[in-house]
Amino acid sequence: MQPMNFSTVLVLFLCCVFQLSSAWTMNNFLMTGPKAYLTYASSVQVGAQSGIRECKRQFALEKWNCPENTRSLSPHNGLRSATRETSFVHAISAAGVMYTLTKNCTAGDFDNCGCDDSKIGQPGGAGWIWGGCSDNVAFGEKISKQFVDALEDGHDSRAAVNLHNNEAGRLAIKATMRKACKCHGVSGSCTIQTCWMQMADFREVGNYLKMKYKHAKELEMDKKAARAGNSADNRDAVTHTFLSVATTELIYLESSPNYCVKNQTLGLHGTEGRECFKEDKNMSQWEKNSCRRLCNECGLKVVKKRTEVFISCNCKFHWCCTVKCEKCKRVVAKYFCSLGSK
Ligand SMILES: *[C@@H]1O[C@H](CO)[C@@H](O)[C@H](O)[C@H]1NC(C)=O
Ligand SMILES: *[C@@H]1O[C@H](CO)[C@@H](O)[C@H](O)[C@H]1NC(C)=O
Ligand SMILES: *[C@@H]1O[C@H](CO)[C@@H](O)[C@H](O)[C@H]1NC(C)=O
């Protein structure tokens, strides 16, 4: 698969805005205007990138790798599928965009947006009132919908599933928000607190969605009909089917392909050549099992390669106050999945 930079994604966004009045209606566009559109576009790009980065981190030692970009999600990619994995990519991308836009808003990056002050001054609970600067997630949510959901221009079941997963991603941000408070009163006696809601670290949103990924639900429906293409009937059928699935849950239509095997048509790299880790370091169980998972389970051998690395060594402290080190060559063993013999 060709790598693609994010300006291409933006071109895709732009194309959709001008070509399709269904997903992002012309009314919306006229309301915000082309200037606002360009104001948000760079933040959308940064947000989508941060979504992909977190996706890569969450799946670092799994057979499936996150895509390098969000092109595979484009409805104009004839091969796009709706698997458990693509449900995660949709959710984390939509969440990344919402997250970045909301942060931008809190930071005062946009003229027309600021903290959520709707509850300021109101009592919140025993001993505290709403104050400070609550993250304006409604703003981030709105703009994320306008940009990310606009990519789903089709009316088939996949479009409906993708939109559902985008929404689940945005809900993950709301679900992981937490209250932060500040004490007031004589010399910090904390007789009264002001509190506000802020978003969790994006890492936490990633962890939350990874859990949703593990419990993702396959839609029970007529799969032949679902694959048949752009039919309003299909969309209705899907809509009906997932009325029973909570908006917070990830859903998919197709079982995952074999991620062990390289398949260029599907844009899959396979696990041959992937690095894994042996137990000789202080590692989590997940890392310790990585060679078995990536290589052995895929019918590949683990090969050891010696690699030279330079590290700081023989460091001496000089009065005052510098530390001088030498560079020493070390040979370290690295492990890779390989077809060949050991
Ligand atoms: C929004 O935030 C991102 C990440 O912090 C930053 O790179 C971007 O420049 C910001 N956008 C604007 C319009 O300031
Ligand atoms: C790649 O995947 C497609 C679609 O599932 C399949 O038809 C094809 O046989 C696969 N190719 C290889 C080399 O496995
Ligand atoms: C190794 O892992 C244990 C348990 O996770 C931790 O307590 C310890 O600090 C780690 N040691 C090093 C050198 O990282």
Side-chain angles (χ1 to χ4, degrees), residues 1-2 5-7 9-10 13-14 32-57 63-65 67 69-70 72 77-86 92-116 133 135-148 158 170 173 198-206 218 223-224 226-229 252-274 297-300 337 339:
M1 199 165 62
Q2 283 286 101
N5 60 29
F6 272 82
S7 59
V9 174
L10 288 175
F13 281 139
L14 285 164
T32 43
K35 200 170 157 216
Y37 185 84
L38 291 172
T39 308
Y40 301 138
S42 72
S43 300
V44 169
Q45 177 183 348
V46 172
Q49 244 161 339
S50 73
I52 293 293
R53 208 182 310 120
E54 179 60 18
C55 180
K56 282 188 171 302
R57 203 195 71 85
K63 294 187 186 78
W64 176 73
N65 265 170
N69 52 61
T70 51
S72 55
N77 174 349
L79 290 162
R80 75 194 184 122
S81 50
T83 59
R84 186 189 286 265
E85 286 69 35
T86 56
I92 198 87
S93 306
V97 170
M98 170 171 164
Y99 193 91
T100 301
L101 285 159
T102 304
K103 281 276 183 209
N104 282 136
C105 174
T106 302
D109 291 342
F110 301 130
D111 294 341
N112 61 338
C113 173
C115 308
D116 173 8
C133 174
D135 278 327
N136 192 344
V137 284
F139 169 82
E141 185 179 23
K142 186 179 100 187
I143 308 294
S144 167
K145 271 184 192 166
Q146 287 179 354
F147 278 80
V148 183
R158 288 178 193 195
R170 288 187 289 261
I173 289 182
Q198 65 185 28
M199 295 187 295
D201 282 347
F202 195 59
R203 173 69 34 94
E204 212 175 297
V205 178
E218 182 168 8
K223 285 185 191 159
K224 255 191 219 144
R227 291 205 187 112
Y252 60 98
L253 291 172
E254 297 148 72
S255 41
S256 306
N258 183 357
Y259 292 119
C260 290
V261 192
K262 185 182 173 112
N263 187 327
Q264 248 156 357
T265 327
L266 297 176
L268 302 176
H269 304 297
T271 61
E272 193 192 342
R274 291 275 298 275
E297 284 180 11
C298 287
L300 296 169
C337 301
L339 275 174

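We count ligands from 1, going down the list as the structure has it; atoms in each ligand are counted the same way.
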Any Phe110 heavy atom less than 4.0 Å from ligand 1 | yes

Atom 2 (O) of ligand 1 within contact range, any protein heavy atom under 4.0 Å | yes

Protein heavy atom under 4.0 Å of atom 14 (O) of ligand 2 | yes

Can an N or O of Lys262 be found at a distance shorter than 3.5 Å from an N or O of ligand 2?
-> no

Indicate yes or no: at least one non-hydrogen side-chain atom of Ser256 is less than 4.5 angstrom from one of Glu85.
-> yes

Option whose closest heavy atom lies nearest to atom 4 (C) of ligand 1, chosen from Thr39, Val46, Val44 | Val46

Are any side-chain N or O atoms of Asn136 and backbone N or O atoms of Gly114, one a donor and one an acceptor, separated by less than 3.5 Å?
-> yes

Indicate yes or no: at least one non-hydrogen side-chain atom of Arg274 is less than 4.5 angstrom from one of Asn65.
-> yes

Which word best sums up how the rings of Tyr40 and Phe110 line up, parallel for under 30°, tilted for 30 to 60°, or perpendicular for over 60°?
-> perpendicular

Give yes when the SG atoms of Cys115 and Cys105 are nearer than 2.5 Å, otherwise give no.
-> no

Does a side-chain N-to-carboxylate-O contact under 4.0 Å join Arg158 and Glu254?
-> yes

Nearest protein heavy atom with distance in Å, relative to atom 8 (C) of ligand 2 | Asn263 ND2, 3.8 Å

Which ligand 1 atoms, with their elements, are less than 4.0 angstrom from a heavy-atom of Ser43?
-> 1 (C), 10 (C), 11 (N), 12 (C), 13 (C)

Interatomic distance, CD1@Ile173 vs OG1@Thr102, rounded to 0.5 Å, equals 6.0 Å

What atoms in ligand 1 come closer than 4.0 Å to a heavy atom of Asn104?
-> 1 (C), 2 (O), 3 (C), 8 (C), 10 (C), 11 (N), 12 (C), 14 (O)

State whether any protein heavy atom lies less than 4.0 Å from atom 11 (N) of ligand 2.
-> yes

Minimum side-chain heavy-atom gap Ser50-Thr100 below 4.5 Å | yes

Within less than 4.0 angstrom of ligand 2, does Val261 place any heavy atom?
-> no

Short N or O distance, Thr100 and ligand 1, threshold 3.5 Å exclusive | no

Give the numbers and elements of all ligand 2 atoms closer than 4.0 Å to a heavy atom of Leu266.
-> 2 (O), 5 (O)

